[in-house]
Amino acid sequence: MPRDVPERVAVDGDRLWRSLMELAKIGAYDDAQTGLRGVSRLALTDADADGRRLLVSWMKAAGLTVRVDAVGNIYGRRAGSEQDARPVLIGSHIDSVASAGAFDGCLGVLGGLEIIRTLNERGVTTRRPLEIVAFSDEEGVRFGTDMLGSAVAAGRIALEDAYALKDADGLSFGEELTRIGFAGPHGVRLNPPPHAYLECHIEQGPLLVRSGTDVGVVTGTQGISWQEILVYGRAAHAGATPTEMRIDAGLFAAEIVRHLRDMVESGDFGKLRATVGHLSLHPGDTNIVPARARLTVDLRNPDEDEMVRAEEHLARYLDGLQGVQDGLRITARRMARTSPVAFNARLQAIVTREADSLGLTHAVLMSGAGHDAQEMAAVCPAVMIFARGEYDGISHSPREYSTAESCARAIDLLAATALKLADEE
Ligand code: GLV
Ligand code: MN
Ligand code: MN
């Protein structure tokens, strides 16, 4: 290692915290149910655009060379002493779900920025360039496909297919990206690929906080299967229509929700998790038997074979359900699908060693959530570090919380790992 490159640097935890809180003001809302302040910064909304502009201004102020690619991914590069060496890429996302906290995704991006700021102050030049990235639309809630920006960068999803995705109002990803001014001129593919990809993320689960462990070394991500189910019944008068004459789309939607829970509880599909996060009835009026129901189904499974069995079982169940009454029709459309991904073993070992040398307690765990790192794992060695959340690790909720200390610890570990990798041949 050149003399002026330290093996680890302590980041400024207060500055990191201030940046997280500053970004969380964009898209902030008062959550009536919890009484807390939440964040709603859905992909390609005006709030997302404001968040992106703030990030770009911070990247530029930190001396980074910023480029935006055609899917809206924002990269900021810090030169290394070997200009042409492939960079160490550090990233995550800054779009959010509709009921978010301040940390999901933002910790990984702003943690990367905090490392850059710290290295600038210390006058450290790494051998390889360091690059930070905020990937577009990781959450997938608005346009229906998660990890979208990183999947396009990795070549799993074609740019035209991403552009064609539509939100509930019929607005396309491509139109909205252009409208907010982030359809950049740069190519989407990471060619040549980075030397490595690192992502720090809040755990979003209870393991670290319940065991009092400082950080998580993440082994991989589980499979994700999203589909939209439409149930077509028949509108009818709520008071005048005899029960036996009804084709009640709401009733069958409820049966599907119950059946998914039964599938999970049966234990027949391994460690399956199932969620109906969206359920709407049309026309949606008090005195009308619902004519139509729309449901989204989110299945998670760490085992690909079990996932396939669960999907096939659900398809058969829906087929059977459709047959129980004349006039009832049920359709299913796949929205997104990823298989389980294992992170790079060598990088996991480096993270573990660096955690030991920083004196951090660590647990080895698999991610319950999907992450951009699983897309990057297809193009270069990738690994993730989890920061501890509070309140049982609850996330996708305004209750999501971590402490300044937990965030700083995880970013110190990210910095040590990045320095190690940036010094490699
Ligand atoms: C991303 O947050 C996911 O849905 O796992
Ligand atoms: Mn996330
Ligand atoms: Mn999320």
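Start at 1 and go down the list; that is how both ligands and their atoms are numbered. This is a predicted model, so every value here is computed, not measured.
The Mn ion (ligand 2) has His93 among its coordinating residues (N/O/S atom, backbone or side chain, under 2.8 Å).
The shortest N or O to N or O distance between Ile224 and ligand 1 is not under 3.5 Å. Taking distance alone, with nitrogen or oxygen atoms compared against 3.5 Å, Asp298 stays at or beyond that limit from ligand 1. At least one N or O atom of Glu139, backbone or side chain, sits closer than 3.5 Å to an N or O atom of ligand 1.
A salt bridge links Arg179 with Glu176: the distance from a Lys NZ or Arg NE/NH1/NH2 to an Asp or Glu carboxylate oxygen falls below 4.0 Å.
Residue Leu421 forms a side-chain contact (heavy atoms from CB on, under 4.5 Å) with just one option from Leu89, Thr126, Leu347, and that option is Leu347. With Cys407 as the partner, the side-chain contact (heavy atoms from CB on, under 4.5 Å) test is satisfied by one option alone out of Ile202, Val11, Leu107, Leu110: Leu107.
At a heavy-atom distance under 4.0 Å, no atom of Gln204 approaches ligand 1.
The number of heavy atoms from other shown groups lying within 6.0 Å of CD (Glu265) is above 12.
Considering Arg300, His371, Glu138 only, the shortest heavy-atom separation from atom 3 (C) of ligand 1 involves Arg300.
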Arg409 and Ser402: side-chain hydrogen bond (donor to acceptor under 3.5 Å, both in side chains), yes or no, with the steps?
-> CA-CA 11 Å; Arg409 272 198 287 265; Ser402 183; over 6 Å; no
Let me see the working for Ile115 and Ile132 under side-chain contact (heavy atoms from CB on, under 4.5 Å), right down to the final yes or no.
-> CA-CA 10 Å; Ile115 293 170; Ile132 52 179; over 6 Å; no
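Using a non-hydrogen distance threshold of 4.0 Å, Met147 does not register as a contact of ligand 1.
Asp372 contributes no side-chain N or O that, together with a main-chain N or O of Glu138, makes up a donor-acceptor pair within less than 3.5 Å. Of the possible polar contacts, none joining the Gln322 side chain to the Arg329 backbone as a donor-acceptor pair under 3.5 Å is found.
Sorting the N, O or S atoms of Asp104 by how far they are from the Mn ion (ligand 3) puts OD2 first.
The Ala369 neighbourhood of ligand 1 comprises atoms 5 (O), with distances under 4.0 Å to a heavy atom of that residue. Taking every non-hydrogen atom of Gly370 and a distance limit under 4.0 Å, the qualifying atoms of ligand 1 come out as 1 (C), 3 (C), 5 (O).
In this structure, NE2 of His396 and OE2 of Glu139 enclose an angle of 110° at the Mn ion (ligand 3), rounded to 10°.
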